[in-house]
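Some notes on the structure that comes next.
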Amino acid sequence: MAIALIGCLGGCEYESNDVSLPSASSPTTEARTVPPLPDGGDTGRVPPLPENGDIAAGTYLVPATGFTALFEITVPDGWSSTDGEGLAKDDPDHPDEWGVFVGWWPAKYVPTDACAWQDALVEVGPSPEVFVDAMTAQTSTASTPPVEVMLGDYSGFEFDHSVEGDVDIAACDRGTFCIHSDLSNECTRWYSSAAERETYRVVDFNGQRGVIWVVQFHESINPELTSEARAVFDSIVFRSGK
């Protein structure tokens, strides 16, 4: 992956130090239906998400490469698209780094230990349960207990994920704290600092898995920005590709 980003049922313990992003609603609340934006008077069309660059506020259709369903996402001003695999927004207080990110891309491998990950990237099957089990059992990370969610007509699980304790990322394999990957021998989703925290939703497309997440890169991110990122995350509605 060209993006140095973000990147855990049972094995991890929930820590009460508020690792979660602020939730716009209860995690068990069904996602709302997002109405399509008007496009030249045709209210049945939703414009595709641009692959790269700044985007205007509105609702966009995402092909969701690697998923078996399309989805719509709604964003306010100030967000940018990154390789068609996520949306990012800067925090003015951290001008040289991203503030928040909403991402989606295939996650085929999960290391048993996020710090000692080389030769420990394990291929996970297509079901959401297998991925959730692998992530929440991952060593060096902490997770909240997964809860069931509904995204439109699709069921899934939601959980928060973060670094556990005082991990020295520089001392990890190749100086990388690996969360999951699309490759068997390289890491494509990692944390750049111990302050990163994220919320995952793992969706069941009739036996096939889709993974989406929202990330906060710094502890000092403006709370309004984290709330905005959560609202963008909550706006995702999956629909049939027919």
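What you see below is based on every heavy atom in this structure, not just the backbone, and it leaves out hydrogens, waters and symmetry mates. Everything numeric in this text was worked out from a predicted model, so none of it was measured.
Of the charged side-chain nitrogens involved, none lies within less than 4.0 Å of a carboxylate oxygen, so that Lys89 and Glu224 do not count as a salt-bridged pair.
With rounding to the nearest 0.5 angstrom, the CH2 atom of Trp105 is 9.0 Å from the CG atom of Asp83. Rounded to the nearest 0.5 angstrom, Arg209 CZ and Lys108 NZ are separated by 10.0 Å.
Classified by interplanar angle (parallel below 30°, tilted 30° to 60°, perpendicular above 60°), the ring pair Trp213/His180 is perpendicular. Between Phe159 and Tyr200, the ring planes lie parallel to each other; the angle is under 30°, not in the 30° to 60° tilted range.
Side-chain atoms of Asp204 come within 3.5 Å of backbone N or O of Asn206 as a donor-acceptor pair. Using modelled atom types, no side-chain atom of Ser140 and backbone atom of Ala114 make a donor-acceptor pair closer than 3.5 Å. Listed for the Gln138 side chain is a donor-acceptor partner under 3.5 Å among the backbone atoms of Pro111. Ser181 places a side-chain N or O within 3.5 Å of a backbone atom of Glu186 that can act as its donor or acceptor partner.
Remark: Phe233 pairs with no residue by the ring-ring contact (aromatic ring centres under 6.0 Å, His included) rule, at least two apart or across chains.
Across all non-hydrogen atoms, the minimal contact from Gly210 to Phe205 is CA-CE1, 3.7 Å.
Within the structure, disulfide (SG to SG under 2.5 Å) contacts touching residues 133-182 (residues at least two apart or in different chains) are Cys115-Cys172, Cys178-Cys187.
Between the side chains of Ser81 and Asn52, no donor-acceptor pair of N or O atoms lies under 3.5 Å.
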